[in-house]
Amino acid sequence: MAAQIQYDDVEVGTELPAASFPVTRATLVRYAGASGDFNPIHWNEKFATEVGLPDVIAHGMFTMAEAIRVVTDWVGDPGAVVEYGVRFTKPVVVPNDGQGALIEVTAKVAAKLDDNRVRVDLTATSAGQKVLGMSRAVVALAP
């Protein structure tokens, strides 16, 4: 695969298509199995509340992975993401109500860099709270 977005077609401020990602308890169980992270704060409500959490919370790495999908979907090639980092600011709380939670992600080009690369800043929220801070990716675009 190769990046489908050309560097010359992008300007600072270009907004990527926003996306929302539903998260249910079943999602968390599947992710735990795939990642090997079976920490009970991600599936056991009793345990999560006993350690001071409001409810079961999504895995941080899962939240990161969902957020970067906005960038990979836009550029058309997951391999075009050459750097990605975040700070975890708030947990994604996932109630056992049949609805779960929603991670809402927006992103925009914050800087044009050398070598056909851009820096994309992401904003990820859930239940009206920012769940990732300093969320940034460097993406290699097509020349």
Side-chain angles (χ1 to χ4, degrees), residues 1-113 116-142:
M1 296 179 85
Q4 297 174 5
I5 304 295
Q6 293 188 333
Y7 182 82
D8 289 339
D9 293 340
V10 175
E11 299 296 330
V12 170
T14 298
E15 293 186 14
L16 284 61
S20 297
F21 305 100
V23 186
T24 65
R25 295 280 178 95
T27 308
L28 299 181
V29 170
R30 287 192 301 274
Y31 181 81
S35 69
D37 182 352
F38 293 101
N39 186 324
I41 63 172
H42 303 304
W43 56 269
N44 184 318
E45 185 174 336
K46 182 177 183 296
F47 184 86
T49 57
E50 284 176 352
V51 298
L53 294 169
D55 206 329
V56 165
I57 63 171
H59 303 72
M61 295 303 285
F62 172 81
T63 303
M64 256 183 99
E66 291 292 78
I68 198 66
R69 288 176 56 192
V70 167
V71 176
T72 59
D73 289 351
W74 171 70
V75 76
D77 178 10
V81 176
V82 296
E83 292 179 30
Y84 179 43
V86 306
R87 286 191 179 170
F88 300 105
T89 56
K90 297 277 185 187
V92 174
V93 178
V94 184
N96 192 21
D97 61 1
Q99 300 278 332
L102 194 63
I103 301 170
E104 299 176 281
V105 183
T106 60
K108 68 179 174 180
V109 175
K112 291 186 85 168
L113 310 172
N116 296 322
R117 295 174 183 216
V118 296
R119 189 187 89 215
V120 176
D121 291 354
L122 297 92
T123 301
T125 60
S126 183
Q129 296 198 346
K130 195 171 182 181
V131 295
L132 298 176
M134 298 295 292
S135 184
R136 296 179 173 172
V138 174
V139 184
L141 301 180

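- To the nearest 0.5 Å, the span separating CG on N44 from CZ on R25 amounts to 9.0 Å.
- With rounding to the nearest 0.5 Å, the separation of CG in L141 from CG in D77 is 10.5 Å.
- Summarising the geometry, atom CE belonging to M61 is positioned 12.5 Å from atom CD belonging to E66; distances are rounded to the nearest 0.5 Å.
- Salt-bridge annotation for E83 and R119: absent, with no side-chain N of the basic residue lying under 4.0 Å from a carboxylate O of the acidic one.
- Rounding to the nearest 0.5 angstrom, the gap separating the CG atom in N96 from the CG atom in D55 is 8.0 Å.
- At distances below 3.5 Å, not a single donor-acceptor pair connects side-chain atoms of T125 with backbone N or O atoms of G128.
- At a threshold of 4.5 Å between non-hydrogen side-chain atoms, the residues Y84 and S135 count as touching.
- Side-chain contact check for V81 versus V138: every heavy-atom pair is 4.5 Å or farther apart.
- Distance alone, capped at 3.5 Å, places no donor-acceptor pair between the T14 side chain and the V10 backbone.
- To the nearest 0.5 Å, atom CZ of residue R136 and atom CD1 of residue I68 are 13.0 Å apart.
- Closest approach of G33 and F38 over heavy atoms only: CA-CZ, 3.6 Å.
- The heavy-atom pair separating P22 from S20 by the smallest distance is CD-O, 3.9 Å.
- Remark: the backbone N or O of V118 is not paired with any side-chain donor or acceptor of Y7 at under 3.5 angstrom.
- The closest side-chain heavy-atom distance from L122 to T106 is not below 4.5 Å.
- Residue Q99 qualifies as open at atom CD: its count of foreign heavy atoms under 6.0 Å is 12 or below.
- Of all non-hydrogen atoms in Q129 and K90, the two that sit nearest each other are OE1-CD, 3.3 Å.
- The shortest side-chain heavy-atom distance between F88 and V131 does not fall under the 4.5 Å cut-off.
- Between F47 and V56 the shortest side-chain heavy-atom distance does not fall below 4.5 Å.
- Summarising the geometry of V93 relative to P54, their closest heavy-atom pair is CG2-CG, 3.6 Å, with the distance given to 0.1 Å.
- Here the side chains of V70 and F21 are in contact, with some heavy-atom distance below 4.5 Å.
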| request: May I have the step-by-step check of side-chain contact (heavy atoms from CB on, under 4.5 Å) for K112 and V12, ending in yes or no? | output: CA-CA 7 Å; K112 291 186 85 168; V12 170; 4.2 Å; yes
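- Between the side chain of D37 and the main chain of N39, a donor-acceptor pair closer than 3.5 Å is present.
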| said: Determine whether V109 and W74 satisfy the following criterion, side-chain contact (heavy atoms from CB on, under 4.5 Å), listing intermediate values before the conclusion. | reply: CA-CA 11 Å; V109 175; W74 171 70; 4.2 Å; yes
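- Using modelled atom types, no side-chain atom of H42 and backbone atom of A32 make a donor-acceptor pair closer than 3.5 Å.
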| said: Could you walk me through whether V82 and R117 satisfy the side-chain contact (heavy atoms from CB on, under 4.5 Å) test, starting with their C-alpha distance in whole Å, then the side-chain angles of each, then the deciding distance to 0.1 Å, before giving a yes or no? | reply: CA-CA 9 Å; V82 296; R117 295 174 183 216; 3.3 Å; yes
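- Nearest heavy-atom pair across L28 and I57 is CD1-O, 3.9 Å.
- Of the inter-residue distances, the one linking I103 atom CD1 with T27 atom OG1 reads 9.0 Å to the nearest 0.5 angstrom.
- The shortest non-hydrogen separation linking P78 to T72 is CA-CG2, 3.7 Å.
- At least one donor-acceptor pair closer than 3.5 Å links the side chain of S126 to the backbone N or O of L102.
- Between the side chain of T89 and the backbone N or O of K130, at least one donor-acceptor pair lies under 3.5 Å.
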| Are V120 and L16 close enough, and set up right, to give a side-chain contact (heavy atoms from CB on, under 4.5 Å), and what steps lead you there? | CA-CA 9 Å; V120 176; L16 284 61; 4.1 Å; yes
